[in-house]
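Worth saying up front: this structure is predicted, and the values here are computed from it rather than measured.
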Amino acid sequence: EELRVLFLQDEDGSKLFHALTPGKQRTLLYIVDSVKSPEKRISRAVVVLQHLKINKGRIDYRQLFTMLKSRTKSSMR
C-alpha cells in the first residue's frame, strides 16, 4: 500500500519499479512489507524508490541494504 501511494506521487519511480521483472518487484515489496510499523514501511518505500532512481532502475542489493540501515540509524537519533 505504501509503495502504491508513492507511485502516484512519483511517476519516474513508478516507471522504474514496473520495468523490473516480477521476481524483483516481489523482492522489493517483501523488503518494504517485512516490517510492521506503517512509518517504517513508508521509510523503506522511499529508500527503495531513491535506490532505483540512483541506479537507473537496477538493483544493487548490498547498496540498498546499506541505504536502508543508514536510514534506520538516522531515524533512531
Interatomic distance, H51 atom NE2 to D60 atom CG [nearest 0.5 angstrom]: 5.5 Å
pair D33-E2: side-chain heavy atoms closer than 4.5 Å: yes
Check: T21 and K24 side chains under 4.5 Å, non-hydrogen atoms: yes
Atom pair CZ (R44) and OH (Y30), whose distance is rounded to the nearest 0.5 Å: 9.0 Å
ILVMFWY cluster, M67 and F65 together (side-chain gap under 4.5 Å): yes
Common cluster, V5/L29, ILVMFWY with side-chain heavy-atom separation under 4.5 Å: no
Nearest heavy-atom neighbours spanning Q25 and F17: NE2-O, 3.2 Å
Reference residue L16; test side-chain contact (heavy atoms from CB on, under 4.5 Å); the match among V48, L49, L52: L52
Cationic N near anionic O, under 4.0 Å, D10 to K53: yes
Donor-acceptor contact present, side-chain T27 to main-chain G23, <3.5 Å: yes
Same cluster (ILVMFWY, side-chain, under 4.5 Å), L64 and V35: no
Contact summary for L3 and A45, nearest pair of heavy atoms: CD2-CB, 3.8 Å
R41 and S34: side chain donor to acceptor below 3.5 Å: no
Spacing of CG belonging to L28 relative to CG belonging to L20, to within rounding of 0.5 Å: 6.0 Å
